[in-house]
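Remember, it's 1-based here, ligands and their atoms both numbered in the order they're listed.
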Amino acid sequence: MDVSRLPRDPGPAAWNRLLPEPSSPTTLDGVETADWLIIGAGFAGLAAARRLSVACRGDRITILDATRLAEGPAGRNSGFMIDLPHDLSSASYVSGLDADRARIDDNRRAIDFAEDMVASFGLTEEAFSRTGKINAAATSKGLKTNAAYAAHLNDLKEPYELLDTTAMRDLTGLDYYHGGLFTPGAAIIQPAMFVRGVATGLRSDRVTIYELSPVIKLERQGDWIATTERGRVTAPRVIMAVNGHINSFGFEAGRLMHVFTYASMTRALTSDEVVRLGGAQTWGVLPADPQGSTVRRISGQGGDRIVVRNRFTFDPSMEVSDERLSQIGRTHYRSFAARFPMLPDVDMEYRWGGRLCLSLNDVQVVREVDDGLFAACCQNGLGTVRGTLAGMLAADLATGVPSPALDRMLESDRPKRLPLEPLASLGANIRLRWGASRAGKEL
Ligand SMILES: Cc1cc2nc3c(=O)[nH]c(=O)nc-3n(C[C@H](O)[C@H](O)[C@H](O)COP(=O)(O)OP(=O)(O)OC[C@H]3O[C@@H](n4cnc5c(N)ncnc54)[C@H](O)[C@@H]3O)c2cc1C
């Protein structure tokens with residue numbers, strides 16, 4: 001199959017800009033063979049590589065990515081590894097009790113797996129930290145959503161703590177939030193530091209990662225042969241860890257929603273500004289309303305900064321224009337200015353977007369799509385965790401390691417068919433804009 005589209009990531013991958021310039025990339029140049037080929041070095045691809053490198057000691061694993069490490073969506077996200085249900089398409093994040101219990105088990109397994117890599121590869125607390133998470137409410141509607149979520153947590157027998165205005169002010173330094181719902185199981189990552197750190201830990205004489213080496217053709221002649229512009233890898237088994245780009249390889253056509261979400265990061269704050277802001281040195285909040293803003297205060301490599309994420313757009317072309325980016329950048333600035341009136345002179349240094357892949361029925365694509373070709377795709381917007389899970393389980397499927405989590409994945413439905421274009425885009429974008437307009441101060 002010829003690969004119909006290659007990834008195009010809008011704007012800079014800001015988290016990666018905070019880190020030292022990486023050494024020059026190793027690109028695939030020539031012909032080689034491997035026991036395993038993994039396409040994609042995001043959360044799914046790296047988790048699959050880790051699983052295989054432990055399960056199949058001695059096997060040679062080659063990873064090909066179209067971009068540099070941490071330049072794609074894996075290095076562009078807000079960094080919340082969420083253990084609890086977080087269905088972005090629902091008004092309240094949650095589903096039914098049984099489904100949510102299974103989801104929590106699976107998510108925790110994935111976060112534990114990530115934590116184990118962090119320990120094995122000696123990553124710092126800035127790269128990964130098990131901080132828990134807060135759903136912050138800026139309106140009475142947000143408080144009600146948090147109360148409903150808390151009731152659901154009672155039913156699930158999951159611990160939580162409700163934070164009042166004072167607790168939110170002490171944490172954030174802001175008067176903006178009326179309350180918060182803290183749950184302890186989540187982790188937070190500096191996405192680029194995590195991805196680059198894990199990749200460095202994986203690299204060995206058995207695991208090779210080629211960057212800037214997009215696969216433009218994948219065919220089977222006995223073994224699988226992946227062709228890049230300047231080389232070829234032959235392997236009997238392949239794990240496709242390209243999230244929504246599985247469509248570009250010819251699979252799941254008409255069943256996956258390509259959605260972009262966007263973020264902006266301020267310049268580094270001065271020491272005066274840090275004092276004026278107050279609050280804790282680092283914190284992060286998710287919005288009580290899924291259509292609201294995720295906000296992080298970071299402090300570390302790259303200085304003290306604020307990161308704001310909001311808005312979703314549905315883009316089946318898997319590309320967005322610069323004009324869209326600057327228009328949404330203005331929304332980010334408004335969200336920032338409303339929350340941080342004490343920082344009137346602080347501008348955004350970076351604004352960017354990134355791809356998510358969702359299915360209408362919130363299922364993933366983890367299965368053998370052809371002989372020896374395994375998919376670890378469609379992370380439904382929570383790829384730090386569900387991508388990690390997909391990579392682990394695709395590797396388990398390929399090596400014959402059973403588990404209840406793998407059974408659940410294999411028993412789940414295929415992604416539901418989307419309405420035909422232009423109906424799908426029209427309907428989805430109207431719904432997303434309507435959701436954003438109703439988010440009010442949560443945005
Ligand atoms: C602004 C923003 C905020 C977000 N916040 C969060 C959050 O807080 N928590 C969370 O869990 N998720 C978040 N996400 C989503 C998360 O980043 C994605 O779900 C996750 O990156 C998906 O992981 P993945 O490994 O499946 O795919 P990706 O990270 O997309 O990795 C796939 C890789 O495949 C490569 N690829 C594609 N085609 C080819 C090809 N032909 N040849 C070679 N390589 C190819 C790509 O270059 C890419 O590196 C956010 C996303 C954005 C954009």
Looking only at distances, please establish whether an N/O atom of ligand 1 is found under 3.5 Å from an N/O atom of [X].
| X | answer |
| --- | --- |
| F43 | yes |
| R355 | no |
| P7 | no |
| F249 | no |
| G381 | yes |
| G72 | no |
| Q379 | yes |
| T384 | yes |
| A41 | no |

(Q) If you count heavy atoms of other groups shown closer than 6.0 angstrom to CD of E229, is the number above 12? (A)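 Open.
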
Give me the nearest non-hydrogen protein atom to [atom] as residue plus atom name, then the distance to 0.1 Å.
| atom | result |
| --- | --- |
| atom 1 (C) of ligand 1 | R76 O, 3.3 Å |
| atom 31 (O) of ligand 1 | G42 CA, 3.6 Å |
| atom 33 (C) of ligand 1 | D65 OD2, 3.5 Å |
| atom 36 (N) of ligand 1 | V242 CG1, 3.7 Å |
| atom 30 (O) of ligand 1 | P73 CG, 3.3 Å |

Numbered atoms of ligand 1 (with element) below 4.0 Å of [X], judged on heavy atoms:
| X | result |
| --- | --- |
| N77 | 2 (C), 3 (C), 4 (C), 5 (N), 6 (C), 13 (C), 14 (N), 17 (O), 50 (C), 51 (C), 52 (C) |
| N243 | 22 (C), 26 (O), 27 (O) |
| A44 | 25 (O), 26 (O) |
| L6 | 41 (N) |
| L64 | 43 (C), 44 (N) |
| R309 | 1 (C), 3 (C) |

Without hydrogens or angle criteria, can the side chains of [X] and [Y] be said to hold a donor-acceptor pair below 3.5 Å?
| X | Y | answer |
| --- | --- | --- |
| N16 | R196 | yes |
| S293 | R309 | no |
| Q327 | Y262 | no |
| D304 | S299 | yes |
| E126 | Q301 | no |
| Y149 | T183 | no |

Q.
Name the residue from R267, R305, R17 that meets the salt bridge (Lys or Arg N to Asp or Glu O under 4.0 Å) definition with E349.
A.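 It is R305, the one option of R267, R305, R17 that forms the salt bridge (Lys or Arg N to Asp or Glu O under 4.0 Å) with E349.
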
Q: Identify the heavy atoms of N310 and T261 that sit nearest to each other, and give their distance.
A: O-OG1, 3.9 Å

**Q.** Nearest heavy-atom neighbours spanning V369 and M240
**A.** CG2-CE, 3.9 Å

Q: For Y333, check ring-ring contact (aromatic ring centres under 6.0 Å, His included) against everything at least two apart and list the hits.
A: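 Residues passing ring-ring contact (aromatic ring centres under 6.0 Å, His included) with Y333: F336.
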
Q) Is any NZ, NE, NH1 or NH2 atom of the basic residue among D83 and R130 found under 4.0 Å from an Asp or Glu carboxylate oxygen of the other? A) no

Q) Got a salt bridge between R386 and D362, using NZ or NE/NH1/NH2 to carboxylate O under 4.0 Å? A) yes

(Q) I need the contact type for A241 against ligand 1. Using non-hydrogen atoms and a strict under-4.0 Å cut-off, is it side chain, backbone, both or neither? (A) backbone

Q: Decide whether the shortest distance between a heavy atom of F260 and an atom of ligand 1 is less than 4.0 Å.
A: no

Q: Could you pull out, from A66, G353, A47, A74, the option with a heavy atom nearest to atom 29 (O) of ligand 1?
A: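 It is A74 that holds the nearest heavy atom.
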
Q. Which of these passes side-chain hydrogen bond (donor to acceptor under 3.5 Å, both in side chains) with R51: T399, T388, D396?
A. D396

